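This is a predicted model, so every value here is computed, not measured.
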Amino acid sequence: MPAKRTLALALAVATTATLTAAATPEATPARPHGVTFAVDGGTARIDPATLAISARGDDGRTRRLTASAATDLGDPGPVRRAARDRARWTYPERGLTATAYTDHGRLALTLTATRDTKLRWPVTGTKGSLQLPRGEGLDVPTADPFWTSGEQRLTGTTVDVSADLTLPLWGYSAGRHGVSYLILTDIGTSLTFGKGPDGHLRTTAAHTFDKG
């Protein structure tokens, strides 16, 4: 069998208010526009065509957890929903298999490759702040010139998740709500700081699938 390379990511929706997860109807196969999971705080929906993920809270508002992958994924295969809390699909052109499931109320996504490849994802928003485990911890407003173009400019820099962060995670928040990104396979993962269309900071993770 071909050697496999794996990237495991857990996304947790966070808020300062108490939220109750909503029930989600099963769909086999998933509807073309996405596959939905019940998570703590509401529901999360993945678009298999782009890996964009959004969440809907009990306040009825929809928030983006990650923008579309910055890597061309190619056309996804059909989504197979094994149960209410688990689904699987493939990206044949990249040799990737995605398995999405819930874990203790969090949305988890594992990507496995059968050949060496690279994926740039997840991609944060730009209208809020970034949370980074560096030193005693940083909370970085995405629109602050101090971080975008000033003395502590992050724009255009890249950090190694396993070597440069004290924990293999980071966060993005806007108002009372936020999302944390936990990389369970941090070796081979980097985090690049760039600018969105509005000139504000955004992060794009990159993972190298390498059997070595």
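Taking CZ of Arg81 as the reference point, atom CZ of Arg86 lies at 11.0 Å (rounded to 0.5 Å). To the nearest 0.5 Å, the span separating OG on Ser149 from CG on Leu201 amounts to 9.5 Å. From Asp116, atom CG reaches atom OG1 of Thr208 across 9.0 Å, with rounding to the nearest 0.5 Å. If you take CZ on Phe209 and OG1 on Thr117, they are separated by 7.0 Å, rounding to the nearest 0.5 Å. One finds the OG1 atom of Thr204 at 11.0 Å from the CG atom of Leu119 (value rounded to the nearest 0.5 Å). Atom OG1 of residue Thr90 and atom CG of residue Leu96 lie 9.0 Å apart, to the nearest 0.5 angstrom.
Remark: Leu167 engages Pro133, Leu169 in a side-chain contact (heavy atoms from CB on, under 4.5 Å) (not counting sequence neighbours). Residues that satisfy the side chain to side chain donor-acceptor pair (under 3.5 Å) test with Ser190, not counting sequence neighbours, are absent from this structure. Taking the salt bridge (Lys or Arg N to Asp or Glu O under 4.0 Å) definition, one finds that Asp103 meets it with Arg106, sequence neighbours left out. Residues forming a side chain to side chain donor-acceptor pair (under 3.5 Å) with Thr203 (at least two apart in sequence, or on another chain): Thr124. For the side-chain contact (heavy atoms from CB on, under 4.5 Å) test, residues two or more places apart in sequence or in another chain that qualify with Asp186 are Val161, Ser162, Pro168, Ile183. Partners of Gln152 by side-chain contact (heavy atoms from CB on, under 4.5 Å), not counting sequence neighbours, listed by chain and number: Phe146, Trp147. Listed by chain and residue number, Phe37, Ile46, Trp89, Leu109 satisfy the side-chain contact (heavy atoms from CB on, under 4.5 Å) test with Ala100 (two or more places apart in sequence, or in another chain). Judged as a salt bridge (Lys or Arg N to Asp or Glu O under 4.0 Å), and not counting sequence neighbours, Arg88 has no contacts. Legend: residues meeting side chain to side chain donor-acceptor pair (under 3.5 Å) with Thr166, ordered by chain and number and at least two apart, are absent.
Residue pairs satisfying the salt bridge (Lys or Arg N to Asp or Glu O under 4.0 Å) criterion with at least one member in residues 152-168, sequence neighbours excluded, are absent. Among residues at least two apart or in separate chains, salt bridge (Lys or Arg N to Asp or Glu O under 4.0 Å) pairs with a member in residues 192-206 are Lys127-Asp198.
Nearest heavy-atom pair across Arg63 and Gly57 is NH1-N, 4.4 Å. The two residues Ile187 and His207 have their closest heavy-atom pair at O-CE1, 3.4 Å. Heavy atoms only, all atoms of each residue included: Ala98 and Leu111 are closest at CB-CD2, 3.6 Å. What you find for Trp121 and Ile53 is that their closest heavy atoms are CZ2-CD1, 3.8 Å. Gly199 and Thr148 get closest at one heavy-atom pair: O-CG2, 4.3 Å. Considering every non-hydrogen atom in both Val39 and Gly105, the closest pair reads CB-O, 3.3 Å.
Counting heavy atoms from C-beta outward, Thr142 and Leu130 have side chains that approach closer than 4.5 Å. By the 4.5 Å heavy-atom criterion applied to side chains, Thr99 and Thr112 are not counted as neighbours. Counting heavy atoms from C-beta outward, Leu65 and Tyr172 have side chains that stay 4.5 Å or more apart. Using a 4.5 Å heavy-atom cutoff, the side chains of Asp85 and Tyr101 are not in contact. Taking the side chain as every heavy atom from C-beta outward, Asp139 and Ser129 approach each other to under 4.5 Å. The shortest distance between side-chain heavy atoms of Thr192 and Thr157 does not fall below 4.5 Å. Side chains of Leu138 and Gln131 form no contact here, defined as non-hydrogen atoms less than 4.5 Å apart. Residues Phe193 and Leu132 have side chains in contact (heavy-atom distance under 4.5 Å, counting atoms from C-beta outward).
Although no hydrogens or angles enter the test, the distance criterion places no donor-acceptor pair under 3.5 Å between the side chain of Thr155 and the main chain of Gly194. In this structure, His200 contributes its side chain and Ala143 its backbone to no donor-acceptor pair below 3.5 Å. The backbone N or O of Asp210 lies less than 3.5 Å from no partner atom in the side chain of Arg115, so there is not a single donor-acceptor pair.
Criterion: ILVMFWY side-chain heavy atoms under 4.5 Å apart, direct or through other members. Under it, Tyr181 and Val123 are not part of a common hydrophobic cluster.
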Which donor-acceptor pairs under 3.5 Å do the side chains of residues 67-79 make with protein atoms, sequence neighbours left out?
unit_1 : atom_1 : unit_2 : atom_2 : d
Ser68  : OG     : Thr50  : OG1    : 3.4
Thr71  : OG1    : Arg120 : N      : 2.8
Asp72  : OD1    : Gly74  : N      : 3.1

Let me see the working for Arg64 and Val179 under side-chain contact (heavy atoms from CB on, under 4.5 Å), right down to the final yes or no.
CA-CA 9 Å; Arg64 179 63 59 86; Val179 56; over 6 Å; no

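Side-chain contact check for Thr36 and Arg45: no donor-acceptor pair (N or O, by modelled atom type) lies under 3.5 Å.
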